[in-house]
Amino acid sequence: MTDPRLSSLLQDCPGLRLTTEPADLEHYGRDWTRRWTPAPLAIALPGSVEEVQAILRWASAHQVAVVPSGGRTGLSGGAVAAHGELVLSLERMNKPLAFDAVDRTLTVQAGMALEAVHNAALEHGLIYPVDFAARGSCSIGGNIATNAGGIRVIRYGNTREWIAGLKVVTADGQLLELNKGLIKNSSGYDFRQLLIASEGTLGVIVEATLRLTDPPPASNVMLLAVPSFDVLMQVFAAFRERLQLQAFEFFTDRALEHVLANGAQAPFEQVHPFYVVTEFAAGDQAQEDAAMAAFEACMEQGWVSDGVISASDAQAAQLWRLREGITEAVARYKPYKNDVSVRISAMPAFMAQTQALIGQAYPQFDVVWFGHIGDGNLHINVLKPDATADAEFLDQCEQVTKLLAQVLARFDGSISAEHGIGLVKKAYLDSTRSAAEIALMKAVKHAFDPQGLLNPGKLFDL
Ligand code: FAD
Ligand code: MLT
Ligand code: ZN
């Protein structure tokens, strides 16, 4: 540990776990984007709120940039440290702290994995309903900092809906206790909501009080084969009208091919252009009849060409794997990821324009479509051919994203539905947020972090 600044950090925060091992710098300096070369100053692994405060006081005194870091499953480069920043990993702060049966809240440290939060809630007969495939590795702090969505937004909303309180350490080391678990609180600006989706640029979330709810009734999972892109939203309407949906997700034949190549089992004998995985309440005969009615109505219209319904939990998991396995299955192709959203009512027209644009723009690339179509959220992943150089591929993708951002702006959509802006989408922030909004965001950033030390270069440049 040769950098003299680190000796002073250890003086200010005796006993702090700090590493500069090359393997650690590499490991903690990047996230799932794998686009930037990690080059952090060091990795701090505090074990308490007081240590986080001491680190930030030190960083503020010595003008050292800090990257808050959770599970680094982020897909927008938000947790990347490529310019000598101190990575502040919440990994060791991963415990449940308190459960309140009357409030139905669970207070946890920010480094707790999402899946561990699920399990802790279940121990009390309740659920924390935000869920997605990275559940085993992402942290609740990272989920809050990105306002993570996932596969159950259609039923339960985004992370934002489930946060009753936050403890946050500011850039100068102060501890803020935001909202303190209250349901009603009209006492001025809600900094808790401001911290949600702030991507580590306003403060370090150290604890969260999460709202819990009752487990859902018994459910069934259905996989539908859909003959064309144009009818996906009709299928959605037919199912939503008749059933209490817990999820409504889609993917293409190309996505399925990659998941099958990664070891999953083919669901149908024939290949179909599009697939939907939907989960819905199915606790009684009336609900099961409604599911069959939805399916038959779609078959009659020609909107669905085949279907399979889960007969056991194991089958339900198998069907889910076809959708949830996509990210991992395509990861080796260093995909260029688009994560866009529009209002559900605008989806049919938006999808038609986007499909035309993408079809023309990428005749030579493998493009994998999937996503949370019931929330108006599409993931469009462009896979890099092995023979194409990284820089050339990136350049072509960025040119197309400029056009996609223009389409989105016409639809009042968002360039980042759920992954965050980070480094990956910061050049396109102005397609979604007005100049006045961005100016206000920068003013807020300045108020919280006047020296610009928290996650600099993410979201926007100052
Ligand atoms: P990190 O990647 O570590 O950090 C993300 C951002 O949050 C960074 O800007 C970081 O600085 C900041 N941050 C982290 N912790 C804190 C903290 N304690 N205080 C302040 N800032 C902090 N996302 C979805 O929304 N929906 C999905 O369906 C989904 N599916 C995924 C599936 C897979 C297989 C993978 C790999 C990723 C998926 N993601 C999804 C993206 C990712 O998992 C989420 O963005 C997640 O919320 C990131 O959590 P993390 O702990 O890994 O955060
Ligand atoms: C998903 O919905 O599976 C995630 O957002 C991950 C991804 O986009 O790859
Ligand atoms: Zn997603």
Side-chain angles (χ1 to χ4, degrees), residues 28-34 46 49 52 56 66-81 85 87-91 93-94 108-114 130-153 158-160 166-171 195-208 247 249-251 255 259 277 320 323-331 335-341 368-373 375 377-381 416-424 454-459:
Y28 289 94
R30 61 171 74 207
D31 63 7
W32 257 66
T33 48
R34 301 280 184 274
V49 173
V52 175
L56 289 177
V66 173
V67 176
S69 177
R72 289 175 316 286
T73 64
L75 300 170
S76 67
V80 167
E85 304 93 331
V87 172
L88 193 165
S89 167
L90 278 297
E91 176 179 292
M93 294 174 61
N94 59 7
V108 301
Q109 291 181 309
M112 197 162 165
L114 175 60
V130 177
D131 193 18
F132 49 94
R135 58 183 75 79
S137 350
C138 67
S139 69
I140 194 75
N143 298 171
I144 296 166
T146 55
N147 186 26
I151 57 176
R152 311 234 173 258
V153 171
N158 298 295
T159 299
R160 191 181 289 289
L166 289 180
K167 275 194 192 174
V168 172
V169 178
T170 58
L195 261 289
I196 299 171
S198 65
E199 302 188 39
T201 63
L202 297 183
V204 177
I205 299 158
V206 286
E207 288 177 19
E249 301 277 314
F250 97 109
F251 51 94
V259 177
V277 173
W320 264 119
R323 162 65 183 88
E324 291 210 300
I326 299 169
T327 306
E328 214 168 299
V330 300
Y336 182 91
K337 285 181 175 286
N338 294 290
D339 162 38
V340 297
S341 66
V368 170
W369 296 67
F370 59 103
H372 318 282
I373 198 160
D375 311 323
N377 179 188
L378 298 180
H379 294 311
I380 306 167
N381 283 212
S416 174
E418 57 173 9
H419 296 162
I421 294 290
L423 293 170
V424 168
L454 280 176
N455 225 1
K458 314 293 168 54
L459 195 48

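Counting starts at 1 for both ligands and their atoms, following the listed order. These figures come from a predicted structure and were not determined experimentally.
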Within the heavy-atom cut-off of under 4.0 Å, ligand 2 is lined by Leu75, Arg323, Thr327, Lys337, Phe370, His372, His379, Glu418, His419
Val66 and side-chain contact (heavy atoms from CB on, under 4.5 Å): which partner among Val52, Val87, Asn455, Leu88? Leu88
From CG (Leu90) to CD1 (Ile205), nearest 0.5 Å: 8.5 Å
Please list the nearest protein heavy atom to atom 10 (C) of ligand 1 with its residue and the distance rounded to 0.1 Å. Pro68 O, 3.1 Å
Using a strict 4.0 Å cut-off to heavy atoms of Gly200, name the atoms of ligand 1 that fall inside it. 20 (C), 21 (N)
How close do Ala81 and Val67 get, heavy atom to heavy atom, and via which atoms? CB-CG2, 4.0 Å
Any side-chain heavy atom of Leu75 within less than 4.5 Å of one from Asp339? no
Of the backbone atoms (N, CA, C, O) and the side-chain heavy atoms from C-beta on, which set of Thr327 has a member under 4.0 Å from an atom of ligand 1: side chain, backbone, both, or neither? side chain
Provide, to 0.1 Å, the distance between atom 2 (O) of ligand 1 and the closest protein heavy atom, together with that atom's residue and name. Gly74 N, 2.8 Å
Suppose we screen for side chain to side chain donor-acceptor pair (under 3.5 Å). Which residues come up paired with Asn381, at least two apart in sequence or across chains? Lys337
Would you say Gly149 touches ligand 1, if touching means a heavy atom closer than 4.0 Å? yes
Scanning both residues in full, the closest heavy-atom pair of Leu459 with Ser198 reads CD2-O, 4.3 Å
Selection from Arg323, Lys458, Glu418 by shortest heavy-atom distance to atom 24 (C) of ligand 1: Glu418
Can we say Glu249 and Arg323 salt-bridge, meaning some charged N sits less than 4.0 Å from an Asp/Glu carboxylate O? yes
Taking distance alone, with no angle check, do Ala110 and ligand 1 share an N/O pair under 3.5 Å? no
Taking the side chain from Asn377 and the backbone from Ile373, do they hold a donor-acceptor pair closer than 3.5 Å? no
Mutual orientation of the aromatic rings belonging to His379 and His372 [parallel < 30°, tilted 30-60°, perpendicular > 60°]: perpendicular
Residue, atom name and distance, where the atom is the protein heavy atom closest to atom 19 (N) of ligand 1: Ile205 N, 2.9 Å
Give the atoms of ligand 1, by number and element, whose distance to some non-hydrogen atom of Leu90 is under 4.0 Å. 18 (N)
Taking 4.0 Å as the limit for heavy-atom contacts, which would you say applies to Thr146 with ligand 1: side chain only, backbone only, both, or neither? side chain
Gap separating the CG atom of Leu202 from the CG atom of Leu454, nearest 0.5 angstrom: 8.0 Å
Show your working on side chain to side chain contact (heavy atoms under 4.5 Å, CB included) between Val130 and Ile140 and close with a plain yes or no. CA-CA 10 Å; Val130 177; Ile140 194 75; over 6 Å; no
Quick one: pull up CD1 in Ile421 and OG1 in Thr201 and give me the separation to the nearest 0.5 Å. 11.5 Å
Just which atoms of ligand 1 are under 4.0 Å from any heavy atom in Glu199? 9 (O), 11 (O)
Taking distance alone, with no angle check, do Phe132 and ligand 1 share an N/O pair under 3.5 Å? no
Is it the case that ligand 1 has an N or O less than 3.5 angstrom from some N or O of Val67? no
Any side-chain heavy-atom pair from Ser341 and Asp375 closer than 4.5 angstrom? no
A side-chain contact here means heavy atoms from C-beta on lying under 4.5 Å apart; do Glu418 and Phe132 qualify? no
In this structure, atom 33 (C) of ligand 1 is nearest to the protein heavy atom Ala134 CB, 3.7 Å
For the backbone of Gly78 and the side chain of Lys458, can you confirm whether one donor and one acceptor N or O come within less than 3.5 Å of each other? yes
N/O separation below 3.5 Å, Asn455 to ligand 1: yes
Judged on heavy-atom distance to atom 51 (O) of ligand 1, which of Gly136, Gly150, Ser139 sits nearest? Ser139
Could you identify the single nearest non-hydrogen protein atom to atom 53 (O) of ligand 1 and state the distance to 0.1 Å? Gly142 CA, 3.5 Å
Check for me: within less than 2.8 Å of the Zn ion (ligand 3), which protein N/O/S atoms show up? His372 NE2, His379 NE2, Glu418 OE2
Interatomic distance, Arg135 atom CZ to Asn143 atom CG [nearest 0.5 angstrom]: 11.5 Å
Would you check if Thr146 and Thr159 make a side-chain contact, meaning some heavy-atom pair closer than 4.5 Å? no
Which residue and atom name correspond to the protein heavy atom nearest atom 4 (O) of ligand 1, and how close is it? Ala79 CB, 3.7 Å
When you measure from the side chain of Arg72 to the backbone of Gly70, do you find a donor-acceptor pair of N or O atoms at a distance under 3.5 Å? yes
Nearest-contact summary for atom 48 (C) of ligand 1 - protein heavy atom, Å: Thr73 OG1, 3.5 Å
What protein heavy atom sits nearest atom 38 (C) of ligand 1, and how far away is it? Leu75 CD1, 3.8 Å
Which ligand 1 atoms does Arg72 reach within 4.0 Å, using its non-hydrogen atoms? 1 (P), 2 (O), 3 (O), 50 (P), 52 (O)
Please classify the His372 to ligand 1 contact at 4.0 Å (heavy-atom distances, strictly less than): side chain, backbone, both or neither. side chain
Contact atoms of ligand 1, heavy-atom distance to Gly203 under 4.0 Å: 20 (C)
With heavy-atom distances below 4.0 Å as the criterion, list the atoms of ligand 1 near Ala148. 25 (O), 47 (O)
So, using ring pair (Phe, Tyr, Trp, His ring centres under 6.0 Å) as the criterion, who are the partners of Phe250 when residues are at least two apart? none
Ligand 1 and Asn143, any nitrogen or oxygen pair closer than 3.5 angstrom? yes
Checking Asp31 side chain against Thr33 main chain: does a donor-acceptor pair fall under 3.5 Å? yes
Return the CG to CG distance between Asn147 and Leu195, rounded to the nearest 0.5 Å. 12.0 Å
Against heavy atoms of His419, which atoms of ligand 1 measure under 4.0 Å? 23 (N)
Heavy-atom distance under 4.5 Å between the side chains of Phe251 and Val259, does that happen here? no
Rounded at 0.5 Å granularity, tell me how far CD1 in Ile326 sits from CH2 in Trp369. 13.5 Å
Contacting atoms of ligand 1, where contact means under 4.0 angstrom from a heavy atom of Ala145: 7 (O), 12 (C), 13 (N), 21 (N), 22 (C)
